[in-house]
Each structure stands twice: as structure tokens, then as C-alpha cells.
Amino acid sequence: MVTKVRDTRGVRVFRVLNAVILTAVVVVTVYPFLNVLARSFSDEPSIRAGEVNLLPRGFNLRTYRYVTSDSMFWTNYRNTVVYTVVATLIAMAMTICYAYVLSKKHLRGRTALVSIAVVTMFFTGGLIPNYVLITSLGLKNSIWAIVLPNAINVFNLLVMKAFFEALPLELEEAAAVDGLNTYGILLRIVLPLSKAMIATMVLFYSVAFWNSWFTAFLYMDRSELLPVTVYLRNLIAGATGATAAGGSTTDIQISANIQAVTIVLTVIPILLVYPFIQRYFVRGVMLGAVKG
Amino acid sequence: MSTTKTLDPPTGTRGSDGATSPPRTRGHRRPWRKALRRDWQLYSLAVLPLLFFLVFRYLPMIGNVIAFRRFQPGGNLFGEYWVGLRYVKMFLTDDTFWDVFTNTLILGGLTLLVCFPLPIVLALLLNEVRSRRWKRFVQSVSYLPHFLSIVVVAAIVMQMLALDGVVNQGLRAVGHDAIPFIQEAGWFRTIYVSSEVWQTVGWGTILYLAALTAVDENLYEAARVDGAGRWRQTWHVTLPGIRPTMMTLLILNIGTFMAVGFEKVLLLYNPLTYPTADVISTYLFRMGVVSNSFSYAAAIGLFESLIGLTLVLTANTISRRAVGTSLW
């Protein structure tokens with residue numbers, strides 16, 4: 001009854017308007033995906049003529065066959081998988097170890113250990129000193145140039161630390177009485193209790209590594225070492241005739257449907273896991289916000 | 001860890017001591033030697049992470065001294081000898097530097113102006129939705145671009161804006177000539193900011209939506225009793241309720257102001273659009289990594305982060321004075 005009274009004409013107009021705006025948001029977000037998808041299935045002349053919008057024109061799978069028959073595409077795709085797996089594993093090990101240490105409130109020097117990490121959130125060396133360092137360490141053209149400099153994300157570290165701090169101490173103390181040492185407690189008591197959190201962290205890191213391109217672009221000179229993101233970037237750089245250094249620049253106009261197919265193939269893994277990972281990410285953002 | 005129990009009985013007995021000043025016992029620190037003997041296993045877990053921070057975070061910070069030193073590629077990491085402010089003077093008298101400086105301010109300003117308020121608006125609109133399923137659907141869809149690689153975003157932008165892309169199809173449909181957007185300097189800022197909106201606005205609502213659920217229902221009730229309509233409720237209850245979140249995010253946004261989407265600019269610009277697109281970070285990238293003028297680029301980088309730091313500190317202070325919200 002009361003709500004009925006309050007639903008004035010203005011409110012009803014607002015509701016309709018709101019629905020229209022939100023629908024527009026959805027359309028604007030999805031539209032580019034559908035357009036790229038349509039282009040990936042269309043033939044070259046239809047695209048050139050500017051006829052492809054939401055539906056493919058001259059439907060064919062030739063471009064998919066063409067791109068997937070390029071061995072460099074698969075080499076780079078495999079690189080992405082390898083880099084993501086290795087980098088995520090190492091980042092997880094480092095993050096868990098340090099977060100566990102930081103979560104022990106009784107530890108002497110804990111504040112200093114926390115500060116060492118947090119300071120790097122606000123001060124960074126910057127592009128040039130990092131580049132000089134990686135180069136002089138001889139890490140160029142190796143997977144370690146991608147893995148090592150990104151081994152700990154401080155934001156993730158703090159989320160993990162907060163999680164460990166919230167675990168009940170009694171279990172660990174009981175395990176200590178049973179004669180387990182610190183490593184044993186971490187491996188057999190703490191980690192099994194943290195499965196959900198670890199899964200979230202793995203997602204955080206692996207999506208970031210999967211999507212990253214700049215580190216590889218910066219430190220890899222040989223095309224067989226590139227991840228698929230840089231493969232794509234070289235395609236689009238070739239298409240605009242951009243001469244930003246590092247990548248190869250060709251005068252050959254790379255046909256639009258090849259780009260579209262590469263976009264689709266690069267995005268597919270993310271789109272497939274997206275429905276499952278989305279809520280973990282949202283939760284992670286909240287956790288981080290509560291900390292910060 | 002294994003000895004925690006045996007070495008820590010004071011915690012239990014402290015209460016029974018009663019009068020013998022427990023606060024002092026709390027403040028008293030165990031000597032390092034004892035802490036090491038007891039917790040060496042814990043400390044051992046911190047060794048590799050500490051090494052990581054030292055080598056990959058703190059060494060580069062110190063590495064910035066090459067801004068004031070002669071540096072030779074392949075030579076000493078920290079340069080050969082001091083040259084004072086030579087490189088600083090060099091960029092201060094470099095016309096291109098001031099061009100990219102202006103571009104950075106404009107691009108950063110536009111991004112802040114557009115990308116900061118929009119998530120608030122979208123969150124408010126989502127908050128008014130009654131159907132939970134519709135709300136969740138809109139959220140899921142609008143979060144999606146956040147999960148894409150920036151390369152993919154740039155590639156999609158180029159597909160849309162190509163001469164045969166959908167935007168030009170629309171222009172032709174209304175009788176306009178096609179525009180080579182990507183090649184025209186005049187369009188770069190619009191393109192950059194729009195793509196930024198597309199990618200970040202949905203995801204940006206998360207913290208606001210969380211803050212909105214925390215606004216006290218009683219305040220709305222009270223406002224209603226006072227005869228406030230929906231607009232005034234939003235203005236006087238909702239917005240003040242999420243103000244701390246707004247201020248925090250504003251300060252953080254101002255902090256990244258100078259670094260304006262370096263990777264995205266690098267992907268979207270080309271020599272034709274340099275007049276509007278080239279920003280400090282891309283300029284120093286080309287100077288340093290491409291042209292090997294490391295010291296010169298490091299000097300510019302140092303200047304850039306100095307401005308960034310000043311901006312955060314200023315914004316933080318103003319925010320604390322004005323509305324009582326601050327990062328630290």
C-alpha cells in the first residue's frame with residue numbers, strides 16, 4: 001500500500017529511463033564483441049565494403065583455418081600458456097610464503113617486513129631503471145624476465161595475509177604440539193584450510209599473466225618467444241603502420257578478418273572461464289578495499 | 001613455531017601477576033637472538049621474497065641515480081660518473097618534452113573528469129534496480145571488459161574505427177564521409193577516453209555498490225518522514241553515505257594521473273597522432289628503450305613520479321582537511 005502511494009509518475013518515468021540506460025550499457029558493452037565475431041566469420045570483400053555489422057557476410061571458416069595453420073601463432077599461444085603457468089606457480093609460492101610470515105603477529109621485525117612490501121606500492125623504480133636492471137642481469141629473451149620481476153603482487157600479498165590472520169590459531173598450535181615444524185604446519189594445516197583463497201589467488205595471477213604483453217614486448221626480441229598478446233599487438237601495429245620500436249613493422253596491410261580471428265582466439269579462454277571467476281574477483285576487490 | 005607453546009607461558013600467567021605492571025611486559029621486546037632461534041623457520045620463508053623485493057623493487061629505485069650520472073649501456077648499472085643536473089636541464093629546455101607534458105595533463109584530466117564520475121552514476125542506477133536477476137546480468141556484462149588484455153581492447157577499438165568498421169558504417173549511413181580515426185590526431189583523445197570508459201566503468205562500480213548497501217536504511221526512512229523525494233534522498237542520504245569511497249578512489253585516481261594508461265597509448269598511437277597522443281611515459285619509453293638515451297629518460301621518469309607523488313600527497317591533504325577522508 002505505502003509503496004503504491006510513493007510510486008508517483010516521476011518514479012515510474014525514472015524506472016523506464018533507468019531500464020533504457022542500463023540496456024544501453026549492456027548493448028554498448030557487448031556490441032564490439034559481436035561485431036568482431038561477425039568479422040571473423042566474414043569474407044574479405046564484404047569487410048572491405050563495410051557491410052559487416054552484427055551478422056557475418058559471406059560466411060566462411062577460411063580465416064580461422066589460415067590463422068590456425070600459422071605455426072608461429074601456435075608457438076606464441078603455447079608460450080602464453082607456459083609463461084602463465086610458470087609465473088603463476090612461482091608467484092603463488094612466493095606470495096604464500098611471505099604472506100604467512102607476515103601473518104604471524106608475534107614475529108619480531110614483522111612491521112619492518114610489512115613495510116618493505118607496502119612501500120613498493122607507492123614508490124616504484126620506473127621503466128628505465130627496471131629495463132636497465134633486467135638487461136644487465138642478462139634476463140632478456142628468457143622467461144625469467146617475465147616471471148621474476150612480477151613474482152609478488154603486493155595487493156594480492158595483503159589479501160592473502162589478511163586471510164591467514166583470520167585463521168584460527170588453535171589448529172596450528174595443536175599441530176605444533178604434535179611435533180610439526182613451521183613448514184609442516186604451513187603445508188599440511190594452513191594450506192588445506194585455504195583452498196578457496198588459493199584458488200582465488202591463482203585466478204588473480206593467471207588472468208594478469210595471461211593478459212600481460214608489455215614485459216614480453218620489452219624483453220623479447222625473437223618472435224618464437226613472444227606470447228600471443230604480442231603476436232596480436234604486432235598484427236594491429238602492422239595494420240596502422242605504427243613504427244613504435246620493438247615490434248616488426250610491415251607495409252603489408254594485414255587483412256581485417258585475420259585480426260578479428262586472432263582477437264577471438266585470444267579472448268576465448270578468458271570468456272570461457274569468466275562466468276566462473278567473476279565473483280571471486282569481485283570478492284577479492286572487496287577484501288583489498290577493506291584492507292586498504 | 002614448534003616451540004611457541006613452551007616459550008610463551010607468560011601470556012597465560014600474566015593475568016595472575018596482576019599488579020606487576022603488565023603493560024611494560026607487553027612493550028618489552030624479545031632480543032633478536034632469541035627471536036631468531038625460536039622463529040628461524042618462519043624467517044627462512046621470508047628470505048626469497050625479501051631477495052625479490054631487494055633486487056626487483058629497491059634496486060631499480062636506487063637505479064634512478066643514472067638520471068644524474070653518465071650511463072653506458074652494458075656498463076655499470078648505476079652509471080659511470082656524476083654529471084649533476086645536465087639531463088634535467090636538457091629536458092626542461094626540450095620543446096618535445098613540454099608538448100608531451102601538456103598532452104599528459106590534458107589526457108589525464110579528461111580521463112579523470114569522465115572516468116571518475118561515471119561509475120558512481122552507474123552504481124546509483126544499478127542500486128535502483130528492483131529485479132535482482134536483471135541487476136546481476138547488467139553487472140556481469142559490464143564487468144567483462146575489465147578481464148580483457150589491453151592488447152585485445154586496442155585491437156577491438158581499431159576494428160570498430162577502421163575505414164570499414166561499424167563507426168564509419170554509421171557515418172556513411174547518415175551521408176558523411178568515412179574518417180580514418182586512428183590516423184587523425186584530432187580524434188585521439190576522444191578515442192582514448194571512450195575506450196577507457198568502455199573498459200573501466202562497469203568494474204569501477206563494485207566498491208560503490210558495496211558502499212551503497214552499507215548506507216543506513218533508517219536515514220532514508222527519516223528523510224522520507226521529512227518529506228524528501230527520491231532526488232533529495234539521493235542527494236542528502238546516498239551521496240554522503242558513499243563519500244568516503246568516492247574520496248578514496250578520487251585520491252587514488254589522481255595518483256595515477258601522470259602515468260595515464262601508458263600501455264594503451266602505446267598500442268593506440270602512431271607517429272601521425274603524436275601531436276595529441278604522445279605522453280610523458282611513451283616519450284621516455286622511446287627516448288630510453290628505443291633511442292638508448294637511458295639517463296635522459298630516467299631523468300624524465302623521475303620528474304614524472306615526483307609530480308605523481310606531489311599530486312597524491314596534495315589530494316590526500318586536501319581531502320583530509322575538507323571531508324575527513326584520507327588514505328593514511
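Just so we're on the same page: letters track the sequence lines, and every chain starts at 1. All values below were derived from every heavy atom in this structure, side-chain atoms included, with hydrogens, water molecules and symmetry-related copies excluded.
Put simply, the side chain of Asn181(A) gets close to the backbone of Gly184(A): a donor and an acceptor are under 3.5 Å apart. Side-chain atoms of Ser149(B) come within 3.5 Å of backbone atoms of Val151(B) as a donor-acceptor pair (strictly under, hydrogens ignored). At distances below 3.5 Å, not a single donor-acceptor pair connects side-chain atoms of Ser291(B) with backbone N or O atoms of Gly288(B).
Of all the heavy atoms in Ser42(A) and Asn257(A), the pair that sits closest is O-ND2, 3.6 Å.
Heavy-atom pairs under 4.5 Å with chain B peak, among Trp210(A), Phe14(A), Tyr131(A), Tyr183(A), at Tyr183(A). When the candidates Thr229(A), Val36(A), Val30(A), Leu271(A) are compared by the number of heavy-atom contacts under 4.5 Å with chain B, Thr229(A) comes out ahead. Interface summary for chain A: among Trp231(B), Phe71(B), Phe262(B), Trp198(B), the most heavy-atom pairs under 4.5 angstrom belong to Trp198(B). When each of Val152(B), Leu144(B), Thr248(B) is checked for heavy-atom pairs under 4.5 Å with chain A, Leu144(B) comes out on top. The choice from Thr23(A), Leu157(A), Val132(A) that makes the most heavy-atom pairs within less than 4.5 Å of chain B is Val132(A). Heavy-atom pairs under 4.5 Å with chain A peak, among Ile66(B), Val55(B), Leu122(B), at Val55(B). Ranked by heavy-atom pairs under 4.5 Å with chain A, the list Gly308(B), Ala298(B), Ala210(B) is led by Ala298(B). With chain A as the partner, the residue from Arg57(B), Lys135(B), Gln169(B) showing the most heavy-atom pairs under 4.5 Å is Gln169(B). Each of Leu127(A), Leu137(A), Leu102(A) has some count of heavy-atom pairs under 4.5 Å with chain B, and the biggest count is that of Leu127(A). Among the candidates Val282(A), Leu17(A), Ile270(A), the residue making the largest number of heavy-atom pairs closer than 4.5 Å to chain B is Val282(A). For the options Leu50(B), Leu59(B), Val129(B), Leu36(B), heavy-atom pairs under 4.5 Å to chain A are most numerous at Leu50(B). Per-residue counts of heavy-atom pairs under 4.5 Å with chain B were compared for Thr266(A), Val28(A), Ile116(A), Asn130(A); the largest is that of Ile116(A).
With a threshold of 4.5 angstrom between heavy atoms, Ile21(A) approaches chain B through side-chain atoms but not through N, CA, C or O. With a threshold of 4.5 angstrom between heavy atoms, Tyr58(B) approaches chain A through side-chain atoms but not through N, CA, C or O. Looking at Leu203(A), neither its backbone nor its side chain comes within 4.5 Å of chain B, counting heavy atoms on both sides. With a 4.5 angstrom heavy-atom cutoff, Phe33(A) touches chain B only via side-chain atoms. Heavy atoms of Val47(B) lying under 4.5 Å from chain A are absent altogether. For a residue to count as touching a neighbouring chain, one of its non-hydrogen atoms must lie under 4.5 Å from one of that chain's; by this rule Glu263(B) touches chain A with backbone and side chain alike. For chain B, the nearby parts of Asn53(A) are the backbone and the side chain; heavy atoms of each come within less than 4.5 Å. Residue contact with chain A, scored on non-hydrogen atoms closer than 4.5 Å, is absent for Ser305(B). With a threshold of 4.5 angstrom between heavy atoms, Val25(A) approaches chain B through side-chain atoms but not through N, CA, C or O. Of the atoms belonging to Phe53(B), it is side-chain heavy atoms, and not backbone ones, that fall under 4.5 Å from chain A. If you measure heavy-atom distances from Leu54(A) to chain B, you find no contacts under 4.5 Å at all. Contact of Ala117(A) with chain B is made through backbone and side chain together, with heavy-atom distances under 4.5 Å. Neither the backbone nor the side chain of Ile96(A) comes within less than 4.5 Å of any heavy atom of chain B. Proximity to chain B (any heavy atom under 4.5 Å) is restricted, for Val154(A), to the side chain, taken from C-beta onward.
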**Message:** Please determine whether side chain to side chain contact (heavy atoms under 4.5 Å, CB included) holds for the pair Leu232(A) and Trp213(A), giving the CA-CA distance in whole Å, both sets of side-chain angles, and the decisive distance to 0.1 Å.
**Reply:** CA-CA 10 Å; Leu232(A) 179 59; Trp213(A) 70 285; over 6 Å; no
Let me check something: any side-chain donor-acceptor pairs from residues 155-164 of chain B under 3.5 Å, sequence neighbours excluded? List them with distances.
unit_1: Gln159(B); atom_1: OE1; unit_2: Arg39(A); atom_2: NE; d: 2.9
unit_1: Gln159(B); atom_1: NE2; unit_2: Ala256(A); atom_2: O; d: 3.4
unit_1: Gln159(B); atom_1: NE2; unit_2: Gln259(A); atom_2: OE1; d: 3.4
unit_1: Asp164(B); atom_1: OD1; unit_2: Arg39(A); atom_2: NH2; d: 2.9

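The environment of CZ in Arg172(B) is crowded: more than 12 heavy-atom neighbours from other residues, nucleotides or ligands sit within 6.0 Å.
Within the model, atoms OH of Tyr43(B) and NZ of Lys104(A) stand 13.0 Å from one another, a figure rounded to the nearest 0.5 Å.
In this structure, Val26(A) and Phe137(B) have side chains that are in contact, with non-hydrogen atoms separated by less than 4.5 Å. Residues Leu124(B) and Glu128(B) have side chains not in contact (no heavy-atom distance under 4.5 Å, counting atoms from C-beta outward). Val312(B) has its side chain out of reach of Phe122(A): every pair of non-hydrogen atoms, C-beta onward, lies at least 4.5 Å apart.
With sequence neighbours excluded, the residues forming a side chain to side chain contact (heavy atoms under 4.5 Å, CB included) with Phe123(A) are Val119(A), Met61(B), Leu309(B), listed by chain and number.
With hydrogens and angles left out, the side-chain atoms of Gln139(B) and Thr205(B) include no donor and acceptor closer than 3.5 Å. Counting only N and O atoms by type, the side chains of Ser293(B) and Tyr87(B) include no donor and acceptor under 3.5 Å apart.
The existence of a salt bridge linking Arg286(B) and Asp278(B) is confirmed by a sub-4.0 Å separation between a basic side-chain nitrogen and an acidic carboxylate oxygen.
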